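Values in this document were obtained by computation on a predicted structure and should not be read as measured data.
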Amino acid sequence: MGKRSEVVFGNRMSSQVVKKAENSKERFVKRFGDDSDVDYPLAVVKNPYIGDTLGVSNIVIDGGVCDDIPDGGREEFDRDKGIIVGNIRMGFGHYRISMAIASAANHLGYKPYWMDLNSYSETTGGKVIEAQNKLYSMGSRISGKSKVFNKAVWEPMNYEGFRKLSYNASDQMNAELMTPVFRNVPKDIPLVATHVWPAQAAVHAGMKHVVNAIPDNWPMALHLAEGSLHTVQTRSAYLGYRTLNGMQGDEVLKPMPGDSIRYVGHYIDHELVAAIEEDCDRRIERRKKKAPMRFLLTIGGAGAQKDIFAAIIRTALASVKKGNMVLYVNVGDYMNVWEELVREIPAMESLVTTHFDDWSDTTAFADKALKEEVYGIHAFCHENIYEAVYCTNLLMRSCDVLITKPSELAFYPVPKLFIKRVGGHEQWGAIHSAEIGDGTLECRDIPHTLQMMKLFMQDDSILTDMCENIKRNKLDGIYDGAYEVVKLTMDMKN
């Protein structure tokens, strides 16, 4: 292997770049070992958390996490209707895209398989991903607390560092360490990767039909997996990737071939797309009735937005007490964030109803909120990663405004108030959302965030306009990306 590190879409890398990529792989081998000759037996088992909702089954290493599953709990690969969703946990965004793809596949009559390379903790690839994930999470948290680190390190790395073709060369080499788990996967089952590493690893491993579902809206060489079909969510991203714009300084590069990339629209779950008109009409009707305005605060997978959350909650307390505002606070799987919020804002405790690690309670509340008025502050935390991520999807339908950093949630069909980004690449998600009219501009500090929240409360036209824009966007197919990815993936096989 190694050839994909030497030439990227016809653009030859320097000997120094190739050597750096080789050294990167060698360092990981020294640290975590080389399991390239290990034959990992696999099993397919129903996902116990989203299996019923999205029809998902997990691909697991047999003899490891599923020792206690009886033979009757194992499934066979569906070679006709099966579609693998290859992913990792790095923040919540990649899991969120995976759920959208699985939802669309399930709706279209296919069988989605969840293949999380990060979950294979006994493999070299799993250890590499976990180490990288810890570094990224730590960087995200530090960037939220240190302006110097953010300006000098985090923003440049996320904005220009990951943009370079040389970065892709190293990733391609490291992805070779993630291939052993594919040895016992049928090579003709189509695979959608919602992070570039599963896409690169699948291509290296000889999978025949690979789609690389690229996140965000800032073209970066980080996301390239030559040999796969790349999909993007915006038309500007399409042109940026097609020309490999800015990926080697000012150099004009050989472009990606036209058959290597497609614009598809936003990756959104079927359950949310199907309910767009109904949910938007409810929001408009609630504003007409002057019902309490519902804000959903959702923390990202790195847990880096606690200080902004605290400021929002403090400001909202008076309105919540008067019955003019409702807060949903989803801290994901970061119980420590919730505990810190409670310590910092003891005045909110009397207003809070907690929904912690009780999925039936969470789903019951989400269903109730669609039909009835709700009041106070509702806090959600789930230790399980699937529930932590999918909780936001459930609450999104009944909220009026989603307050989030402009991550993958920037593309979701709900009115959005964008708080400060984590990494320069995220700002382009907010720009795109503002331009299609379903979200605000990025509020880059707490005062501007609070100003925008008050504006939502005082001027009903802002929410109403966003809802009408969302309905128009649906008619234009902007939120159909997950369906299109699944269709493209299955068409490759056929």
For a salt bridge (Lys or Arg N to Asp or Glu O under 4.0 Å) check, start with the C-alpha distance between E339 and K306, then their side-chain angles and the critical distance, and finish with the verdict. CA-CA 11 Å; E339 291 169 347; K306 191 266 296 180; over 6 Å; no
Could you walk me through whether K81 and D78 pass the salt bridge (Lys or Arg N to Asp or Glu O under 4.0 Å) check? CA-CA 6 Å; K81 295 288 188 180; D78 186 334; over 6 Å; no
Assess whether side-chain contact (heavy atoms from CB on, under 4.5 Å) is satisfied between I377 and L317, documenting all intermediate values. CA-CA 9 Å; I377 300 174; L317 279 181; 4.0 Å; yes
Are V337 and I299 close enough, and set up right, to give a side-chain contact (heavy atoms from CB on, under 4.5 Å), and what steps lead you there? CA-CA 9 Å; V337 171; I299 200 160; 3.7 Å; yes
Please assess W359 against L394 for the test side-chain contact (heavy atoms from CB on, under 4.5 Å), listing each intermediate value before the final yes or no. CA-CA 11 Å; W359 192 239; L394 292 179; 3.6 Å; yes
May I have the step-by-step check of salt bridge (Lys or Arg N to Asp or Glu O under 4.0 Å) for D279 and K471, ending in yes or no? CA-CA 10 Å; D279 293 343; K471 290 192 284 185; over 6 Å; no
Salt bridge (Lys or Arg N to Asp or Glu O under 4.0 Å) evaluation trace for E160 with K164: CA-CA 7 Å; E160 292 295 343; K164 299 181 186 301; 5.3 Å; no
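Ring pair Y334/F92 is tilted by interplanar angle, where 30° to 60° counts as tilted.
Of the possible polar contacts, none joining the T53 side chain to the I50 backbone as a donor-acceptor pair under 3.5 Å is found. Without hydrogens or angle criteria, N87 side chain to V85 main chain gives a donor-acceptor distance under 3.5 Å. Listed for the N133 side chain is no donor-acceptor partner under 3.5 Å among the backbone atoms of I129. A donor-acceptor contact shorter than 3.5 Å links the side chain of K416 to the backbone of V414. In this structure a side-chain-to-backbone donor-acceptor pair under 3.5 Å is missing from T231 to V264. Checked by atom type and distance alone, the side chain of Y483 never pairs as donor or acceptor with a backbone atom of Y267 at under 3.5 Å. For the pair R294 (side chain) and S398 (backbone), a donor-acceptor distance under 3.5 Å is present. With hydrogens and angles disregarded, no donor-acceptor distance shorter than 3.5 Å links the side chain of H107 to the backbone of H270. Using modelled atom types, no side-chain atom of N473 and backbone atom of Y479 make a donor-acceptor pair closer than 3.5 Å. Not one N or O on the side chain of E383 forms a donor-acceptor pair closer than 3.5 Å with the backbone of F356.
Rounding to the nearest 0.5 angstrom, the gap separating the CG atom in D465 from the CD1 atom in I470 is 11.0 Å. The CD1 atom of I462 sits 12.0 Å away from atom SG of C467, with the distance rounded to the nearest 0.5 Å. Atom CD1 of I312 sits about 9.5 Å away from atom CE of M325, to the nearest 0.5 Å. Here the CZ atom belonging to R89 is positioned 15.5 Å from the CG atom belonging to L117, to the nearest 0.5 angstrom. For the atom pair I276 CD1 and R397 CZ, the distance stands at 10.5 Å (nearest 0.5 Å). Atom CD1 of I189 is separated from atom CD1 of I59 by 7.0 Å, given to the nearest 0.5 angstrom.
With sequence neighbours excluded, the residues satisfying salt bridge (Lys or Arg N to Asp or Glu O under 4.0 Å) with R286 are D400. With sequence neighbours excluded, the residues satisfying side-chain hydrogen bond (donor to acceptor under 3.5 Å, both in side chains) with R287 are D460.
Judged by distance alone, the side chains of Y113 and N58 never bring a donor and an acceptor atom under 3.5 Å apart. Side-chain atoms of S166 and N168 include no donor-acceptor pair closer than 3.5 Å. Side-chain contact, D438 with S433: a donor N or O sits under 3.5 Å from an acceptor N or O. Between the side chains of E155 and Q427, no donor-acceptor pair of N or O atoms lies under 3.5 Å. Inspection of the T234 and N217 side chains reveals an N or O donor paired with an N or O acceptor under 3.5 Å. Side-chain atoms of T298 and T404 form no donor-acceptor pair, as typed in the model, at a separation below 3.5 Å. Between the side chains of E271 and S103, at least one donor-acceptor pair of N or O atoms lies under 3.5 Å. Checked by atom type, the side-chain pair D361/H355 shows a donor-acceptor distance below 3.5 Å. A donor-acceptor pair shorter than 3.5 Å cannot be found between the side chains of D216 and W428. Remark: the Y390 side chain and the D269 side chain contain no N/O donor-acceptor pair separated by less than 3.5 Å. Side-chain atoms of T243 and N245 include no donor-acceptor pair closer than 3.5 Å.
Electrostatic pairing of D367 and K371 counts as a salt bridge here, judged by a charged N lying under 4.0 Å from a carboxylate O. Look at R421 and E442 and you find a salt bridge, because one of the NZ, NE, NH1 or NH2 atoms lies within 4.0 Å of a carboxylate O, short of that distance. At a threshold of 4.0 Å, the pair E344-R314 counts as salt-bridged, since one of the basic side-chain nitrogens sits closer than that to a carboxylate oxygen. With respect to the salt-bridge test (charged N to carboxylate O, under 4.0 angstrom), the residues E277 and R282 do not qualify.
Counting only heavy atoms from C-beta outward, the side chains of F295 and M457 approach each other to under 4.5 Å. In this structure, the side chains of T392 and L409 come closer than 4.5 Å at one or more pairs of heavy atoms. Residues M466 and F456 have side chains in contact (heavy-atom distance under 4.5 Å, counting atoms from C-beta outward).
Taking the six-membered ring for Trp, F9 and H230 have ring centres closer than 6.0 Å. Taking the ring centroids of F365 and Y328, they lie under the 6.0 Å cut-off. Ring centers of Y386 and W114: under 6.0 Å apart, within the cut-off. Separation of the H266 and H432 ring centroids falls under the 6.0 Å cut-off. Between F309 and W338, the ring centre distance reaches or exceeds 6.0 Å.
Closest heavy-atom contact between P215 and H94: CG-CE1, 3.9 Å. Between A100 and A482, the shortest heavy-atom distance links the atoms O-CB, 3.6 Å. Here the closest non-hydrogen pair linking I83 and A105 is CG2-CB, 3.8 Å. Between Y412 and E408, the closest heavy-atom pair is CD1-O, 3.6 Å. Between I261 and L229, the shortest heavy-atom contact is N-CD1, 3.7 Å. Nearest approach of L253 to L244, heavy atoms of both residues: CD1-O, 3.5 Å.
The neighbour count for K368 NZ, taken as heavy atoms of other residues, nucleotides or ligands under 6.0 Å away, does not exceed 12. Residue R235 qualifies as open at atom CZ: its count of foreign heavy atoms under 6.0 Å is 12 or below. Around CG of N494, the count of heavy atoms belonging to other residues, nucleotides or ligands within 6.0 Å exceeds 12.
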